[in-house]
2 protein chains.
Amino acid sequence: MDNSHISIKDIARVAEVSHSTVSRALHDNPLISAATRARVQRLAAEMGYIPDAIARSLQTQRTGTIGLAVTSIADPFFSEIVAGIDEVASAQQLSVFVTSSHNDPEREIEVVETFHRQRVDGIIVAASKLGNRYAERLQRIRVPVVLINNHAAEKHDFIYSVSVDNQAGAKLAVQRLLDLGHRRIGYVGLGHQLLSNQHRLEGYQEALAAAGITSDPAWVAVAPPGLTGERDDVEMGRQYFPHVWEAGVSALFCYNDRVAVGALMACHEAGIAVPAECSVVGFDDINLAQYVFPSLTTVHQPRRKMGRLAMQMILELQAGEPCENQTLLPHLVVRESDRARER
Amino acid sequence: MDNSHISIKDIARVAEVSHSTVSRALHDNPLISAATRARVQRLAAEMGYIPDAIARSLQTQRTGTIGLAVTSIADPFFSEIVAGIDEVASAQQLSVFVTSSHNDPEREIEVVETFHRQRVDGIIVAASKLGNRYAERLQRIRVPVVLINNHAAEKHDFIYSVSVDNQAGAKLAVQRLLDLGHRRIGYVGLGHQLLSNQHRLEGYQEALAAAGITSDPAWVAVAPPGLTGERDDVEMGRQYFPHVWEAGVSALFCYNDRVAVGALMACHEAGIAVPAECSVVGFDDINLAQYVFPSLTTVHQPRRKMGRLAMQMILELQAGEPCENQTLLPHLVVRESDRARER
DNA sequence: TCTGGTCATGCACACGTGTGCATACGCGCC
DNA sequence: GGCGCGTATGCACACGTGTGCATGACCAGA
C-alpha cells in the first residue's frame with residue numbers, strides 16, 4: 001500500500017486541507033471544527049499514520065528520550081535498576097538509551113557526548129566513578145542529571161543523586177551479628193576507591209565501637225585495588241577469607257554478596273561449617289544470595305526502587321519542581337548463613 | 001558562556017561564512033578550501049560544537065538508533081544478550097533504545113509502535129512470543145528485524161533470527177548422563193508454549209531413544225502453564241522434582257538452570273545427596289550455575305555472542321547485504337552436579 | 001447594506017542540518 | 001580585453017511537525 005512512512009502532508013492531501021489543519025486536528029486543537037477534526041482523525045487511523053518523533057523533537061526541542069549509562073549492563077545488580085527506570089519511563093512514554101561505560105573514563109566521556117548529540121531530555125548514571133573531569137560537559141547539556149550510588153567524592157549543585165546509606169547498612173549487618181552473640185567479627189572488603197567500600201568499612205568499625213569492642217586489625221582484610229568484575233569479587237572473597245579466619249573470628253561481614261559467596265566457597269573447601277562454625281553476612285541482596293547454600297543473610301538494597309526514584313527525579317526536574325537528593329535506608333534480610341554463637 | 005546548544009549557524013556567524021560552508025567544512029567536503037575548512041573546524045572545536053543528531057536524522061532519514069525489546073530487563077539471561085548488542089552497537093556509534101515487554105502482547109505492540117515513532121534503523125526482539133499479530137506492523141516500519149531465540153511458530157521472510165539449537169543442546173546433556181552410566185534419566189520442564197520447551201523435551205526423548213532406552217512417562221514432569229518469572233522457575237523445579245524422583249530416576253535433566261536449582265533445593269530438603277544419589281544437569285549456564293552447591297553441570301548458551309551476532313546481522317541488512325538465519329550450537333559445561341552411576 | 005465579530009482555515013516561518021544548483025571570483029590563454 | 005574554465009561559496013530548498021498571524025467565510029445587529 002504505502003511504500004514508506006506517511007506524514008501529515010499525505011493526510012492533508014487526501015483530506016484536501018492544509019498540513020497545519022491536520023496537525024491541529026490530531027492535537028484536538030479547538031480551533032478546528034468538530035467535523036474536520038473527526039474526518040482527519042479517522043483518516044489518520046485508516047492510513048496508519050505514526051507521528052515522526054524526530055521531526056517533532058526538532059520543532060518542540062524535546063526528544064522524550066533519556067540517556068542511561070551504567071558501568072556494566074550484564075551485572076544483575078544494575079539490571080534491576082534499569083528495570084526500575086524502564087518501568088516509570090515507559091509509563092511516561094519516554095524512551096531510554098542504555099549503554100555501558102565499563103568504568104572507563106574515556107568511554108564515559110564518549111557516552112555523555114553521544115547523549116548530548118541525541119539531545120536527550122535527561123541523564124541517569126549508575127555507579128560511575130564520575131569525577132569532575134566531565135562535570136563541565138554534563139553541565140553544558142543543560143539537562144537534568146541524576147546519579148545512582150554515585151561513588152565520586154565531589155558533589156556539584158546541578159547534579160542530583162539517589163543512593164543507599166552504606167554506613168547504616170553495614171551497621172545493620174554487624175548489629176545483627178552482635179545480637180547473635182558474636183564478638184569477634186571480621187570484614188572482607190575490596191580495594192577499589194569507591195566510597196561505598198569506605199563507608200561500609202566505617203559502618204563496621206563504628207558498630208563494633210558502639211558495642212564496646214576494640215576491633216582487631218587482623219579481623220579486616222581488604223583486597224588490593226585494580227581488579228573488578230563479578231568473577232573477581234568472588235575470587236577475592238575466596239582468597240581473603242582465610243586471613244580473617246586465622247585471626248579467630250566467629251562471624252564475617254562482607255563488602256558485598258559476591259565476596260560473601262567467595263567466603264562461603266572457601267569455607268566449604270576448608271570444611272568449615274556455615275553457619276555452625278562461622279556466620280556470614282553479605283551486602284546488596286543480589287538474586288544469587290537466595291540460591292547459594294546456605295542461603296545468604298544480607299543487607300538488601302532496594303535497587304528497583306532506586307531506579308524508579310531516579311527516573312521520577314528526572315521528571316520532577318524536567319517539570320521545574322524543586323528536588324532533593326535521596327538517601328535510602330537498606331534493610332536486613334535474614335536467611336540461613338548466620339546463627340547464634342555457640343557457647 | 002553559551003546559554004544553549006550551539007549550531008552550525010552560530011559557527012557560520014563567527015566565521016563569517018554561510019551555514020552551508022560550515023556544514024561542508026565539518027564533513028571534509030573537498031569543495032571547501034583547506035584554509036576555511038581548518039578555520040571552521042578549529043572554531044567548532046573551540047565553541048564546543050556538538051552536532052544535533054535529531055536535525056541530522058530528519059535530513060538524512062537515518063537516526064543511528066536501534067530498538068531493542070526484551071521480555072525482562074532484570075533477567076540476567078537477557079542482560080548478557082543486551083551487553084553483546086551494546087558492544088557492537090557502541091563500536092558503530094549506534095545508540096540503543098532498550099525496553100522490556102514483560103511478555104505482554106499489548107505491551108509488545110506499544111513497544112513496536114514506539115520504535116516506529118522514534119524511526120529506529122533496526123529492531124531486535126529477544127525471546128518474545130511474537131506472533132503474526134503484529135508482524136504486519138513490523139513490516140510497515142521497513143527496517144531490519146532480528147529475533148533472538150524466537151519462540152514463535154511462524155516465520156516471515158522479512159524477519160531474521162539468531163537462535164540456539166535447543167534440541168542439540170538437550171541431546172548433549174542427556175548424552176553426558178548416558179555416558180556416566182545412567183539409564184533412568186528424568187526431565188523437568190515448564191508448561192509454557194515456547195518452542196524451546198518443546199525442543200528440549202524432544203532432544204531428551206530422542207537421545208534416550210537413540211540409546212535404546214524406552215522412556216517412562218513417569219520420568220517426565222512438566223509444570224502447568226501460566227506462571228513465568230525467575231522465582232517461579234525455581235519453585236517449579238522444587239515442586240516437581242519429587243514426582244520424577246519417586247519414579248526412580250538416578251539422573252535429571254532440567255529445562256533450564258533455574259529449574260535445576262529448584263531441584264537441587266528439593267534434594268537438599270529431602271536429604272538426597274547430589275551428585276552421589278542423583279545427578280542434575282541444567283540448561284543456559286546462567287551465572288548462578290557456577291555458585292550454587294554443588295555447582296551445576298549445564299548446557300552453555302553463548303548469550304553474549306548471540307547479542308553480537310544479532311547486531312551484526314542488523315548492520316549487514318542495513319548495508320543491503322544478504323543475510324542468513326543463524327543457529328548456534330551450545331556446548332556442555334561440566335561442573336560438580338553430575339557423577340557416574342554407582343554400581 | 002454596511003459593520004463588527006466569531007469561527008475555521010491557510011500561509012509562512014521555525015527547528016538544525018544537508019545538498020543541488022547558481023554564482024562570483026580568480027587565472028590563464030587566445 | 002574577452003572568453004573559458006576551475007574553484008570556492010552562497011542561495012534556496014528539503015526533511016516532518018508545530019504555531020503566530022492573516023485571511024476568508026459566515027452571521028447578527030444596526
Side-chain angles (χ1 to χ4, degrees), chain A residues 2-41 43-44 47-65 93 116-121 141-142, chain B residues 2-41 43-44 47-65 93 116-121 141-142:
Chain A
D2 46 330
N3 68 347
S4 181
H5 301 281
I6 65 143
S7 71
I8 56 172
K9 287 189 183 176
D10 298 322
I11 301 178
R13 199 175 307 118
V14 177
E16 292 180 319
V17 292
S18 74
H19 80 277
S20 324
T21 300
V22 174
S23 173
R24 291 193 175 98
L26 293 178
H27 283 74
D28 283 327
N29 189 315
L31 281 180
I32 304 301
S33 73
T36 51
R37 189 189 319 168
R39 186 162 50 98
V40 167
Q41 289 184 355
L43 230 50
M47 299 172 68
Y49 170 70
I50 291 193
D52 186 330
I54 299 300
R56 181 173 291 175
S57 299
L58 185 58
Q59 167 64 230
T60 63
Q61 299 289 61
R62 277 195 80 257
T63 55
T65 61
Q93 312 264 46
H116 192 171
R117 257 200 310 267
Q118 295 286 0
R119 298 299 193 257
V120 298
D121 290 337
I141 312 185
R142 301 202 172 276
Chain B
D2 47 331
N3 65 349
S4 181
H5 301 280
I6 65 144
S7 71
I8 57 172
K9 288 189 182 174
D10 298 321
I11 301 178
R13 198 174 307 120
V14 177
E16 292 178 319
V17 293
S18 75
H19 80 276
S20 324
T21 301
V22 175
S23 174
R24 290 194 175 97
L26 293 179
H27 284 73
D28 284 328
N29 188 315
L31 281 180
I32 303 301
S33 73
T36 52
R37 189 189 320 168
R39 185 162 52 98
V40 167
Q41 289 184 353
L43 231 48
M47 298 172 67
Y49 169 70
I50 291 192
D52 186 329
I54 299 299
R56 181 173 293 175
S57 299
L58 185 57
Q59 167 65 230
T60 62
Q61 301 290 52
R62 275 195 82 257
T63 56
T65 62
Q93 311 265 47
H116 191 172
R117 257 201 310 269
Q118 295 286 359
R119 299 297 192 260
V120 297
D121 290 338
I141 312 186
R142 302 201 172 276

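Below, read A as the first sequence line, B as the second, and so on, with proteins coming before strands; counting in each chain starts at 1.
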Look at [X] and [N] and indicate whether a side-chain polar atom (N or O) is within less than 4.0 Å of OP1 or OP2.
| X | N | value |
| --- | --- | --- |
| Arg56(A) | dG18(D) | yes |
| Tyr49(B) | dT17(C) | yes |
| Ser18(B) | dG10(D) | yes |
| Ser33(A) | dT9(C) | yes |

Worksheet item: So which heavy atom on Thr63(A) is nearest to which on Ser57(A), and how close?
Response: CA-OG, 3.4 Å
Fill in: Ser33(B) versus Thr36(B), side-chain donor and acceptor atoms under 3.5 Å
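Checked: Thr36(B)/Ser33(B) side chains pair up, N/O donor to acceptor below 3.5 Å.
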Starting at atom [atom1] of [X], determine the distance to atom [atom2] of [N], rounded to an integer number of angstrom.
| X | N | atom1 | atom2 | result |
| --- | --- | --- | --- | --- |
| Leu58(B) | dT17(D) | CG | C1' | 9 Å |
| Gln59(A) | dG18(D) | CD | C1' | 4 Å |
| Arg24(A) | dT9(C) | CZ | P | 10 Å |
| His19(B) | dG20(C) | NE2 | P | 14 Å |

Please determine, for the side chain of [X], which listed nucleotide ([options]) has the closest atom?
| X | options | answer |
| --- | --- | --- |
| Ser23(B) | dT19(C), dT9(C), dT9(D) | dT19(C) |
| Thr36(A) | dT9(C), dG18(C), dT9(D) | dT9(C) |
| Thr21(B) | dG16(C), dT9(D), dT9(C) | dT9(D) |
| Thr60(A) | dT9(C), dC15(C), dG18(D) | dG18(D) |
| Ser20(A) | dA12(C), dT17(C), dC11(D) | dA12(C) |

Item to complete: Assign Ser57(B) to base, sugar-phosphate, or nothing according to its heavy-atom contacts below 4.0 angstrom with the strands shown.
Response: nothing
Practice prompt. Measure from the side-chain N and O atoms of Gln41(A) to the backbone N and O of Leu26(A), and report whether any donor-acceptor pair falls under 3.5 Å.
Written response: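 Here the side-chain-to-backbone pair does not exist.
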